[in-house]
Amino acid sequence: MTTKNFIKQVQIFSMKQYIASTLLLFLLIGTAPSVYAEVLSWEQCVAEARRAHPSLVQANAIVQQASANRRMVVSTRLPNIELAVGAQQQGSSDGTSTDHIGSSLSLHQLLYDGSKTSKQLSGADEALRAAEAAAQLTNAEVRYQLRSAFVALLKAQELVELTNEIAERRQKNLRLIRLRYNGGREHLGSLRQAEADVAEAIFEVEQAKRELTLAQRHLALALGRPKSVALRVQGSLQAAPFSLKKPDIEQLLTIHPAMQQAAAQSRAARYELEASRSAFSPTLALTSSLGRTAASYFPLERVDWQAGLSLVVPIYSGGEGKVRVAKARAYALEQQAAAQYKVLQVTGALEEAWMRLQDAEQAIAVRRRFVEAANERATIASAQYSNGLLGFNEWMIIEDNLVNAKKRLLEASAALFVAEAQWLEAQGGGLNEAEK
């Protein structure tokens, strides 16, 4: 085979690859996700999650349980009234029997128990506050997960567009290199490199579409949906500048739901300790009853009543009371230490989230400048390569820098929104906060 025939066969093979890659690229771009079953804004996502997310439903149910427990404690201070109705039949050896029927109304009113009930009520109040603070923390966690999933889908949508743009640019470069190769001004290695770049770009388009599908699934889960459907979100990753003035961490601690929860749990434990000590106090109650009995079912002939005071003084219960006090004291110490440790945890989380937000804000500004510079260099380099003033290797380096700069800008843009969401979560902000 002569050199001329070999070169001709190579050209024919390269043309077939070119046609195949062009058709594949057209197919990929033409079938890029453009029709979605549902389009959601951030406000719609927030409304749906607040309404139906299982974690929020569970947290609200726990608050309702704590409220019910408080009402149960309150009920012990109210009168206890009972109505009893009974019937009996008595018989004797002589074969006779007597029917008895009676009814009674009894009253029991607690008068004094050594402030045990009042301490239990105070503890129930604190337990309710702790449950409400825990619900707010759950709200903040759900908000962060939802925002992260929303940003991830927004990023995936823009990534599909970016990879399509890169694939088209790679295809355009391949056409230019092929023309130069056919004209004898470029060698076969450069052509193969350009074809490999197109193949990589096509792969990245497909990869971006798979990431889009995964991001849709994650958003559905963050919304609390049991099934995943095709979703599209409205928005942009072009973030407005944030204020980088450091907030007052001490002030944030005073209103943080985690701190409120820990403080409420500590106070509830102290009230439980005081209530356990009150178990040694005497209990005074008012008792009264009113009843009627008869020897037959009708009429009721006799009315009986009684009223009095009941005083119960605990003397010995096998040491159970002391054990309860010791247990309550240890639990109070545990909750006090937990509250102190929570201060350290929340402070560290706030400091870290604030630092990450600053880093993300500054990083995106740098990435934007890189894209601007890479765009300028790529425009100049393309013109120079077309005119033979720049070599292939130098031109490809500049083209790769542009592609990488755009990808990194997209990553930095998404990271900024996630850092903002993390900063809000660190403050305990949830879905009930003002959303933008």
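Below, all heavy atoms of this structure are taken into account, side chains as well, without hydrogens, waters or symmetry copies.
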*Please walk me through it: do E420 and W423 pass side chain to side chain contact (heavy atoms under 4.5 Å, CB included)?*
CA-CA 5 Å; E420 180 197 12; W423 169 240; 5.7 Å; no

Heavy-atom donor-acceptor pair, [X] side chain to [Y] backbone, under 3.5 Å:
| X | Y | result |
| --- | --- | --- |
| T76 | V73 | yes |
| N139 | L431 | yes |
| D248 | E250 | yes |
| S41 | Q44 | yes |
| E411 | K407 | no |
| S266 | A262 | no |
| N404 | D400 | yes |
| S276 | L273 | yes |
| T163 | V160 | yes |
| Q216 | L231 | yes |

Please tell me if the side chains of [X] and [Y] come closer than 4.5 Å, counting only heavy atoms from C-beta onward.
| X | Y | answer |
| --- | --- | --- |
| H218 | L214 | yes |
| R408 | F370 | no |
| D359 | M355 | yes |
| L223 | L40 | yes |
| R232 | Q157 | yes |
| I177 | R180 | no |
| R175 | L179 | no |
| L253 | L350 | yes |

Heavy atoms from other residues, nucleotides or ligands near [atom1] of [X] exceed 12 (cutoff 6.0 Å):
| X | atom1 | value |
| --- | --- | --- |
| M72 | CE | no |
| R377 | CZ | no |
| R324 | CZ | no |
| F392 | CZ | yes |

*After noting the C-alpha distance and the side-chain angles of E274 and R277, does the key distance pass the salt bridge (charged side-chain N to carboxylate O under 4.0 Å, His left out) rule?*
CA-CA 5 Å; E274 294 175 4; R277 289 170 176 168; over 6 Å; no

Of the non-hydrogen atoms in [X] and [Y], which two are nearest, and what is the gap between them?
| X | Y | answer |
| --- | --- | --- |
| Y181 | L191 | CD2-CD2, 3.8 Å |
| A133 | P257 | CB-O, 3.3 Å |
| K227 | A220 | O-CB, 3.9 Å |
| L410 | L162 | CD2-CD2, 4.2 Å |
| V205 | A167 | CG2-CB, 4.0 Å |
| V63 | L128 | O-CD1, 3.7 Å |

Just verifying a value: how many Å separate [X] [atom1] and [Y] [atom2], rounded to the nearest 0.5 Å?
| X | Y | atom1 | atom2 | value |
| --- | --- | --- | --- | --- |
| E186 | L176 | CD | CG | 9.0 Å |
| I249 | W354 | CD1 | CH2 | 8.5 Å |
| R178 | N173 | CZ | CG | 12.5 Å |
| R77 | Q120 | CZ | CD | 10.5 Å |
| M259 | L137 | CE | CG | 11.0 Å |
| R169 | E399 | CZ | CD | 4.0 Å |

*State which residues pass ring pair (Phe, Tyr, Trp, His ring centres under 6.0 Å) with Y385; sequence neighbours excluded, sorted by chain then number.*
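Listed in chain order: W395.
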
Could you tell me whether [X] and [Y] make a salt bridge, using a distance below 4.0 angstrom between a side-chain N and a carboxylate O?
| X | Y | value |
| --- | --- | --- |
| E372 | R369 | no |
| R225 | E48 | yes |
| E158 | K406 | no |

*Just checking, is any N or O donor in the side chain of R71 or S67 under 3.5 Å from an acceptor N or O on the other one?*
yes

*Regarding E168 and N164, is there a side-chain donor-to-acceptor distance under 3.5 Å anywhere?*
no

*Starting from the C-alpha separation in whole Å, work towards a yes-or-no answer on salt bridge (charged side-chain N to carboxylate O under 4.0 Å, His left out) for R356 and E352.*
CA-CA 6 Å; R356 293 188 183 279; E352 180 180 357; 3.0 Å; yes

*Take S106 and I81 through the test side chain to side chain contact (heavy atoms under 4.5 Å, CB included) and record every step on the way to the result.*
CA-CA 6 Å; S106 61; I81 302 175; over 6 Å; no

*Begin with the C-alpha distance, continue with both residues' side-chain angles, and end with the deciding distance and a verdict on side chain to side chain contact (heavy atoms under 4.5 Å, CB included) for Q422 and L357.*
CA-CA 8 Å; Q422 186 180 19; L357 180 60; over 6 Å; no

_Using salt bridge (charged side-chain N to carboxylate O under 4.0 Å, His left out), reason through R270 and E126 one step at a time and then give a plain yes or no._
CA-CA 10 Å; R270 290 201 301 270; E126 298 299 337; over 6 Å; no

*What do the steps show when you test V233 against V39 for side chain to side chain contact (heavy atoms under 4.5 Å, CB included), and what is the final call?*
CA-CA 6 Å; V233 293; V39 179; over 6 Å; no

Using residues 50-62 as the side-chain source, report each donor-acceptor pair under 3.5 Å to any protein atom, sequence neighbours left out, with the distance given to one decimal.
| unit_1 | atom_1 | unit_2 | atom_2 | d |
| --- | --- | --- | --- | --- |
| H53 | ND1 | S55 | N | 3.1 |
| H53 | NE2 | A222 | O | 3.4 |
| N60 | ND2 | L56 | O | 3.1 |

